[in-house]
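Notes follow the structure.
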Amino acid sequence: MAEEEDEQGFEEELEDGSGGVDAAGHGRRKRLFSKELRCMMYGFGDDQNPYTESVDILEDLVIEFITEMTHKAMSIGRQGRVQVEDIVFLIRKDPRKFARVKDLLTMNEELKRARKAFDEANYGS
Amino acid sequence: MADPARIKTEGSLEKEGFINEENPKTEHEPAAETSAEMSHVFCCTLKETEAAADDEEEGTSGQPSSKRPKVEPEKKKEKRHKVDEDEIQKMQVLVSSFSEEQLNRYEMYRRSAFPKAAIKRLIQSITGSSVSQNVVIAMSGIAKVFVGEIVEEALDVCEKWGDTPPLQPKHLREAVRRLKSRDQIPNSKHKHILFH
C-alpha cells in the first residue's frame, strides 16, 4: 500500500501540469534546490548534466526526508522544538550520518573558537 | 561500535574509489598547474583544520585545575594524531594524482551544499518556531549524506542494469526501494501492525 502511494507521488511530480489541491502538493512548490542538487549529483558520481526529472525526484526526496526528521525531532526530547541533541539521537543508528554530524558540529565549534581568538588578538593590537 | 571517524573516512574514500574506477585509463594529463593548485588548496584546508584542532586541544589540557589523569589523554592524542596525519598524507597523495575531470568532480563533491537560508526556512515552516544555527548545520549535513547514499545506490543500480549515466528516474526509484528495505529511509506514514 505504501509503495503504491509513493509511486503515485512520483508520477504527480512528473506531470506537474496540475497544481490542483488534491495533488501531493510537491509539484506546486517552486524548486528550492535545483542548482545545488545538480552540483551535488555530479560530485557524487552522476553525469555533469543530470536529467531534470532526476533532480526533481531527489529534491522531493530531500524535502520529505527533512520533513520526517523534523517531525520526529519535534516528538522527542523537548516537545514542539527541534534541538541538535534530538537530531543526533535520531541518527544514532546510521554510522555515516552520525559521524558526519559529529564532525560538522566539532568543526563548527573549533572555527568559532578560532575566530574568537583571532578577533581578540586583533582587538588587543 | 567501530570508531565513527574511521567509518566516515572509509565512506569518503569509497566515493573517490568509485571515481577512479570510472576513469581507469585516464593518465596524468599535463594539467599540472591546476592539479597542483587544487591539491594545494585541499591540503591546506585539511592542514588548517588539523592545526586548529591541535591548538584547541593544547589550550584545554594546559589548565591546572584539570581533573583528568595526565598520561591517558596524551597517549590517545598521539595515536589520534598519527592516524590523522596518515589520513591527511594519504589524501594528499590521492588528490595530487587526480586528473582534471576527477579534480572537478572532487571539488563539486566538497563544495556543494544546501543553502542554509532555504533549509532554515523549511524547518521553521514545519516547526512553527525558530531553530538554532546548529540545527540548520546538522540538517544540511545529513541531507547531503542522504543525497550521496541515494546517488551511489542509483549508480549501482544503473551499472547493474547495463545503463550509463546520467541517472534516470527509474534508477532513483529502484535505489529508494532498496534503501527503504534496508531501513535507511525514514517513513512514518506506514503504521506497522505487530500481530495481525
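Order of the sequence lines sets the chain letters (A, B, ...), proteins ahead of strands, with each chain counted from 1. What you see is a predicted model, and the numbers here were worked out from it, not measured in a lab.
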Contact check, side chains of [X] and [Y], non-hydrogen atoms, under 4.5 Å:
X       : Y      : value
L122(B) : T70(A) : no
S188(B) : E68(A) : yes
E101(B) : Q48(A) : no

Against chain A, label [X] side chain, backbone, both or neither, depending on which of its atoms sit under 4.5 Å from a heavy atom there.
X       : value
L172(B) : side chain
K170(B) : neither
N104(B) : both
A113(B) : backbone
I137(B) : both

Just how far is it from atom [atom1] of [X] to atom [atom2] of [Y], taken to the nearest 0.5 Å?
X       : Y       : atom1 : atom2 : answer
I91(A)  : M139(B) : CD1   : CE    : 8.5 Å
M69(A)  : I142(B) : CE    : CD1   : 5.0 Å
F65(A)  : N187(B) : CZ    : CG    : 12.5 Å
E109(A) : N134(B) : CD    : CG    : 6.5 Å

With a 4.5 angstrom heavy-atom cut-off, is it the side chain or the backbone of [X] that approaches chain B, or both, or neither?
X       : value
K72(A)  : side chain
L111(A) : neither
M74(A)  : side chain
N49(A)  : backbone
F33(A)  : side chain

If Ile, Leu, Val, Met, Phe, Trp and Tyr residues are connected whenever their side-chain heavy atoms lie under 4.5 Å apart, and connections chain through other members, are [X] and [Y] in the same group?
X       : Y       : value
L32(A)  : V147(B) : yes
V55(A)  : I57(A)  : yes
Y51(A)  : L58(A)  : no
I76(A)  : I123(B) : yes
L103(B) : M108(B) : no

How close do [X] and [Y] get, heavy atom to heavy atom, and via which atoms?
X       : Y       : value
R81(A)  : S130(B) : NH2-O, 4.3 Å
V145(B) : K97(A)  : CG1-CG, 3.8 Å
R100(A) : G141(B) : CG-O, 4.3 Å
L61(A)  : F146(B) : O-CE2, 3.8 Å
S129(B) : G80(A)  : OG-O, 3.9 Å
P166(B) : D46(A)  : CA-OD1, 3.3 Å

Out of [options], which one racks up the most heavy-atom pairs below 4.5 Å with chain A?
options                   : value
I185(B), V131(B), V151(B) : V151(B)
D183(B), V135(B), L167(B) : L167(B)
E149(B), Q168(B), Q184(B) : E149(B)

Please work out which of the three classes, parallel, tilted or perpendicular, describes the rings of Y109(B) and F44(A), given edges at 30° and 60°.
->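 F44(A) vs Y109(B) ring planes: perpendicular.
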
So, E152(B) and R96(A), do they make that salt bridge, N to O below 4.0 Å?
->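 Answer for the salt bridge query: yes.
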
Specify which of D86(A), L90(A), V62(A), L104(A) makes the most heavy-atom pairs with chain B at under 4.5 Å.
->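 Highest number of pairs under 4.5 Å: V62(A).
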
With chain B, which of I66(A), L37(A), V101(A) has the greatest number of heavy-atom pairs at distances under 4.5 Å?
->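 Highest number of pairs under 4.5 Å: I66(A).
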
Could you check I126(B) against H71(A) for side chain to side chain contact (heavy atoms under 4.5 Å, CB included), going step by step and ending with a plain yes or no?
-> CA-CA 8 Å; I126(B) 300 174; H71(A) 277 131; 3.7 Å; yes

